[in-house]
Amino acid sequence: MSENKKWLPRWFFQLASPRWCYDITGKLLPGFVIAMLLLLVTGIVWALMFAPADYQQGNSFRIIYIHVPSAILAQSCYMLMAIAGAIGLIWKMKVADMVAKSCAPIGATIAIMALATGAIWGKPTWGSWWVWDARLTSMLILLFLYLGVIALHSAIENEVTAAQSAAVLSLVGLVNIPIIKYSVEWWNTLHQPATFKLTEKPAMPPEMWVPLLVMVIGFYCFFAVSLMLRLRNEILQRERRAGWVRELIEKQ
Amino acid sequence: MSFDSISEFFAMGGHGLYVWLSYAIALAILVLNIINPVMQKKKVLTDLARRLRREKST
């Protein structure tokens with residue numbers, strides 16, 4: 001432990017304490033709630049009323065403002081779930097297991113959002129709700145991976161075993177993330193390539209991509225809020241025998 | 001503003017159904033993901049309080 005402490009920062013060990021996590025998330029929540037509301041309201045009004053219509057797709061293009069953020073978030077959430085699961089496996093960190101468990105239902109619903117908005121957008125644009133295309137199929141597999149993790153958590157009674165099996169499944173499923181990302185480049189696909197790339201300027205004009213960026217950041221704030229709410233419930237439930245939780249219950 | 005009138009805004013150039021349906025689904029999923037853990041917290045707190053009372057009475 002003392003040797004580990006030299007190369008790992010202090011907050012990494014504080015993260016391992018459920019009580020510290022419960023307190024810090026309690027302090028962070030209000031800020032993220034305000035940021036989430038501001039960004040999402042601004043983003044939605046901007047997307048629906050002020051962003052210009054696409055010259056080919058017309059107003060159905062406005063679906064991009066929820067489709068792209070939900071698709072990005074569904075993948076980020078999966079990566080966090082797998083990393084937290086790995087930390088839980090390696091360091092036997094309870095809080096990491098709880099983070100991984102809390103990620104699953106959020107990720108599953110956001111993946112459903114990405115698939116549903118994509119299907120609705122596909123109808124007027126491609127003339128079909130669904131095609132068995134590489135991008136769409138790999139995204140559907142992402143949803144099934146989330147459902148698998150949720151099923152493991154509810155099927156295995158023992159919390160430690162459940163967390164371990166869910167972590168292994170998430171780590172194996174991690175191979176799907178680059179497949180989703182590069183599916184539009186590796187295979188012939190109807191799906192258009194990425195809107196945002198780290199290395200290049202977006203192909204669309206700023207009037208279109210600035211509100212999209214606002215929505216993406218808004219979705220991340222939403223994720224932070226939802227995850228912290230779920231994590232706090234999980235901490236209370238799993239630490240119910242700890243002295244500080246008893247005090248907290250008695251006080252109210 | 002990209003629209004001249006309210007009715008044009010709702011019509012979305014003939015794609016109204018698609019646009020509004022996707023925004024409705026998105027909003028429902030976002031709200032659900034916030035309401036669900038908030039409701040769950042109430043349940044957790046009452047459950048734990050009941051458990052604590054039971055332990056003390058015995």
Sort [X] into side chain, backbone, both or neither according to what part of it lies under 4.5 angstrom from a heavy atom of chain B.
X	value
A:Ser60	both
A:Ala51	backbone
A:Phe219	side chain
A:Leu48	both

Side-chain heavy-atom pair B:Leu30, A:Met113 within 4.5 angstrom cut-off: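 Yes, side chains in contact.
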pair A:Phe222-B:Ile34: side-chain heavy atoms closer than 4.5 Å: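 Counting from C-beta outward, A:Phe222 and B:Ile34 do come under 4.5 Å.
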Proximity of residues 137-154 of chain A to chain B, residues having a non-hydrogen atom under 4.5 angstrom: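 Under the 4.5 Å heavy-atom cut-off, nothing qualifies.
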Ignoring hydrogens, what is the shortest heavy-atom contact between [X] and [Y]? Give both atom names and the distance.
X	Y	value
A:Ile66	B:Ala26	CD1-CB, 3.7 Å
B:His15	A:Asn59	ND1-N, 4.2 Å
B:Val44	A:Asn233	CG1-O, 4.4 Å
B:Pro37	A:Leu229	CB-CB, 3.7 Å

Value rounded to 0.5 Å, distance of [atom1] in [X] from [atom2] in [Y]:
X	Y	atom1	atom2	value
A:Arg240	B:Leu52	CZ	CG	12.0 Å
A:Gln237	B:Gln40	CD	CD	6.5 Å
B:Phe3	A:Met49	CZ	CE	8.5 Å
A:Leu227	B:Asn33	CG	CG	10.5 Å

Evaluation steps, side chain to side chain contact (heavy atoms under 4.5 Å, CB included), between B:Lys41 and A:Leu236: CA-CA 9 Å; B:Lys41 173 149 196 186; A:Leu236 284 181; 4.2 Å; yes
Selection from A:Thr117, A:Val33, A:Ile63 maximising heavy-atom pairs under 4.5 Å formed with chain B: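 The candidate making the most pairs under 4.5 Å is A:Ile63.
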Contact leader toward chain B among A:Tyr65, A:Trp121, A:Phe50, where contacts are heavy-atom pairs under 4.5 Å: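 Between A:Tyr65, A:Trp121, A:Phe50, the count favours A:Phe50.
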Under 3.5 Å, which donor-acceptor pairs do the side chains of residues 16-25 of chain B form with other protein atoms, sequence neighbours left out?
unit_1  : atom_1 : unit_2  : atom_2 : d
B:Trp20 : NE1    : B:Phe10 : O      : 3.0
B:Ser22 : OG     : B:Tyr18 : O      : 2.5
B:Ser22 : OG     : B:Val19 : O      : 3.3
B:Tyr23 : OH     : A:Arg62 : O      : 2.7

Measure distances from [X] to the heavy atoms of chain A and classify the residue's part below 4.5 Å as side chain, backbone, both or neither.
X	answer
B:Leu48	both
B:Lys42	neither
B:Asp47	neither
B:Arg51	side chain

Other residues, nucleotides, ligands: >12 heavy atoms within 6.0 Å of A:Glu157 CD: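 No, CD of A:Glu157 has 12 or fewer neighbouring heavy atoms, counting only those of other groups under 6.0 Å.
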